[in-house]
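See structure below.
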Amino acid sequence: MDGNILSQWRIPTDISDEGSHIVPNISKSILDRMAKEDFTVDDFAGIGMGTPGSVDNDAGEVNEAFNLNWRTIQPVREQIQQELGLPFVIENDANSAALGEFWKGAGSEADNVVFVTLGTGVGGGVIADGHLIHGVNGGGGEIGHITVKPNGFLCTCGKRGCLERYASATGVVNVALDMANQFHGNSQLKDQIDNGQSISSKTVFFLADHGDILANQVVNEVCKYLGLALSHVGNTLNPENIIIGGGVSNAGNTLLQLTTKYFQDNAFPAVRDSTKIKLAQLGNDAGVIGAASLALQFKNSMNA
């Protein structure tokens, strides 16, 4: 009950047939692991799950998780509980990761934490006075859709200029391709783009760390937008920590230092002096640990 991972494994995600195999495969995998390690249902407090998409926490349903090929409402709780007979709690994956960092990671000594994950997209989770904020329609923590450049790049949400189009892994590439068109100096990044080579956010940060002029300009632009967005979050919520996770955060201090600079440039003085920008500590385990905390919270609420 103290947040340590005792056993960990992966299974492929089968999104065929409108994702209808995903939940049965999860249930079967858990049952197989329980049998292999000689566990019974009585050994567990419950099951917590983090998922992409829009989540109805009360109903235990997921709607429109397009990368899972879920285009209709998925009664996940009903299916899992039928198969496993355990209490089940479900949450958006970014919120699960936020709970993980809050419980056992970079925010573990704070009551007010905002988590932002920079992956294929940009997600977020807000914890205020120890409680996860969902908002009236589940839209709380959608940091990726803060507008950082009016009339900027078109986002998948239909708006223009969302942070997600500039600071996600895909966004870093967007910025690099756009800036390369206007760049006329010597740059390995420019050469790769002009030669039609595939680039990634990892490529951009690696070249920036090794002195590439264009790559450094791209990183500066990305961190400018990220720091601006986080200053809006800080000015609104004034959390103790804003924690940056996800694959792009692997850039480490290169990302952190510039983002902190632009955050401080745009934050209200009282916020600037009290809210700290930090890198996540748990990596890919954040969502797992956060989902476990959901199950534990549910058990404790039932016993209260």
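Distance alone, capped at 3.5 Å, places no donor-acceptor pair between the Asp56 side chain and the Glu61 backbone. Looking at Asn25, its side chain does come within 3.5 Å of a backbone N or O of His21 through a donor-acceptor pair. Asn137 contributes no side-chain N or O that, together with a main-chain N or O of Gly139, makes up a donor-acceptor pair within less than 3.5 Å. The backbone N or O of Gln281 sits less than 3.5 Å from a side-chain atom of Glu101, completing a donor-acceptor pair. Remark: side-chain polar atoms of Asp129 are not paired, donor with acceptor, to backbone N or O of Asp111 under 3.5 angstrom.
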Should Leu294 and Leu99 be marked as a side-chain contact (heavy atoms from CB on, under 4.5 Å) after you check the CA-CA gap, both sets of side-chain angles, and the distance that decides it? CA-CA 8 Å; Leu294 288 168; Leu99 287 169; 3.6 Å; yes
Should Asp209 and Thr254 be marked as a side-chain hydrogen bond (donor to acceptor under 3.5 Å, both in side chains) after you check the CA-CA gap, both sets of side-chain angles, and the distance that decides it? CA-CA 7 Å; Asp209 284 339; Thr254 302; 2.6 Å; yes
Start with the C-alpha gap between Asp32 and Lys36, add the side-chain angles, then the distance that decides, and say whether salt bridge (Lys or Arg N to Asp or Glu O under 4.0 Å) holds. CA-CA 6 Å; Asp32 289 347; Lys36 181 179 179 180; over 6 Å; no
Show, in sequence, the C-alpha distance, side-chain angles and deciding distance for Phe88 and Val76, and conclude whether the side-chain contact (heavy atoms from CB on, under 4.5 Å) test is met. CA-CA 9 Å; Phe88 178 80; Val76 179; 3.7 Å; yes
Derivation and outcome, side-chain contact (heavy atoms from CB on, under 4.5 Å), residues Asp178 and Asn174: CA-CA 6 Å; Asp178 185 60; Asn174 290 340; over 6 Å; no
Please determine whether side-chain contact (heavy atoms from CB on, under 4.5 Å) holds for the pair Leu258 and Val219, giving the CA-CA distance in whole Å, both sets of side-chain angles, and the decisive distance to 0.1 Å. CA-CA 8 Å; Leu258 269 175; Val219 168; 3.9 Å; yes
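Minimum heavy-atom separation, Ala110 to Asn241: CB-OD1, 3.6 Å. The two residues Thr170 and Thr120 come nearest to each other via the heavy atoms OG1-O, 3.4 Å. Here the shortest heavy-atom pairing between Ala229 and Leu163 reads CB-CD2, 3.7 Å. Minimum heavy-atom separation, Gly130 to Phe102: CA-CZ, 3.8 Å. Pairing each heavy atom of Val62 with each of Trp70, the nearest pair is CG1-CE3, 3.8 Å. When every heavy atom of Ile11 is checked against every heavy atom of Ser29, the shortest pair comes out as CG2-OG, 3.5 Å.
In the model, Asp14 has a side-chain atom that pairs as donor or acceptor with a side-chain atom of Ser16 under 3.5 Å. Using a 3.5 Å distance cut-off with no hydrogens or angles, the side chains of Ser108 and Trp103 do not pair a donor with an acceptor. Side-chain contact of Thr72 with Asn63: a donor-acceptor pair under 3.5 Å is absent, judged by distance alone. There is a side-chain donor-acceptor pair under 3.5 Å between Asn238 and Thr275.
Counting heavy atoms of neighbouring residues, nucleotides and ligands inside a 6.0 Å radius, atom CG of Asp273 exceeds 12 of them. Surrounding CZ of Phe206 are at most 12 heavy atoms belonging to other residues, nucleotides or ligands under 6.0 Å away. Heavy atoms from other residues, nucleotides or ligands lying under 6.0 Å from CD1 of Ile213 number 12 at most. By the 6.0 Å contact criterion, CG on Asn284 is open, its count of non-hydrogen atoms from other residues, nucleotides or ligands being 12 or less. Counting heavy-atom neighbours within 6.0 Å of Asn195 CG, excluding the residue itself, gives a total above 12.
Evaluated for a side-chain contact (heavy atoms from CB on, under 4.5 Å) with Ile277, the options Leu226, Val116, Ile244 yield exactly one hit, Ile244.
Judged as a side chain to side chain contact (heavy atoms under 4.5 Å, CB included), and not counting sequence neighbours, the contacts of Gln192 are Gln188, Gln197, Ile199, Thr203, Leu207. Evaluation of the side-chain hydrogen bond (donor to acceptor under 3.5 Å, both in side chains) rule for His134 yields Glu91 as partners, not counting sequence neighbours. Scored by the side chain to side chain contact (heavy atoms under 4.5 Å, CB included) test, Gln264 finds Thr260, Arg272 as partners (sequence neighbours excluded). In terms of the side chain to side chain contact (heavy atoms under 4.5 Å, CB included) criterion, residue partners of Glu142 (sequence neighbours excluded) are, by chain and number, His145.
Within the 4.5 Å cutoff, the side chain of Lys104 has no heavy atoms near those of the Asp285 side chain. In this structure, the side chains of Leu189 and Phe183 stay at 4.5 Å or more apart for every pair of heavy atoms. By the 4.5 Å heavy-atom criterion applied to side chains, Val114 and Ile143 are counted as neighbours. Two residues are said to be in side-chain contact when any heavy atoms from C-beta on lie closer than 4.5 Å; Leu68 and Thr51 meet this criterion. Contact annotation: the side chain of Lys278 never approaches that of Ile242 to less than 4.5 Å [non-hydrogen atoms, C-beta and beyond].
Under a hydrophobic clustering in which Ile, Leu, Val, Met, Phe, Trp and Tyr are joined whenever their side-chain heavy atoms come within less than 4.5 Å, directly or via other members, Phe66 and Ile15 fall into different clusters.
Distance CD1/Ile26 to CD/Glu83: 11.5 Å, rounded to 0.5 Å. Rounded to the nearest 0.5 angstrom, Leu132 CG and Asn95 CG are separated by 4.5 Å. Asp17 CG to Asn69 CG: the interatomic distance, rounded to the nearest 0.5 Å, is 9.0 Å. To the nearest 0.5 angstrom, Thr117 atom OG1 is 8.0 Å from Asp93 atom CG.
Contact check on Lys190 versus Asp194 returns a salt bridge, with a Lys/Arg side-chain nitrogen under 4.0 Å from an Asp/Glu carboxylate oxygen.
Legend: side chain to side chain donor-acceptor pair (under 3.5 Å) pairs involving residues 151-166, not counting sequence neighbours, sorted by first then second residue: Thr147-Lys159. Sorted by first then second residue, the side chain to side chain donor-acceptor pair (under 3.5 Å) pairs that include residues 213-232, not counting sequence neighbours, are Asn220-Tyr262, Glu221-Lys224, Glu221-Tyr225.
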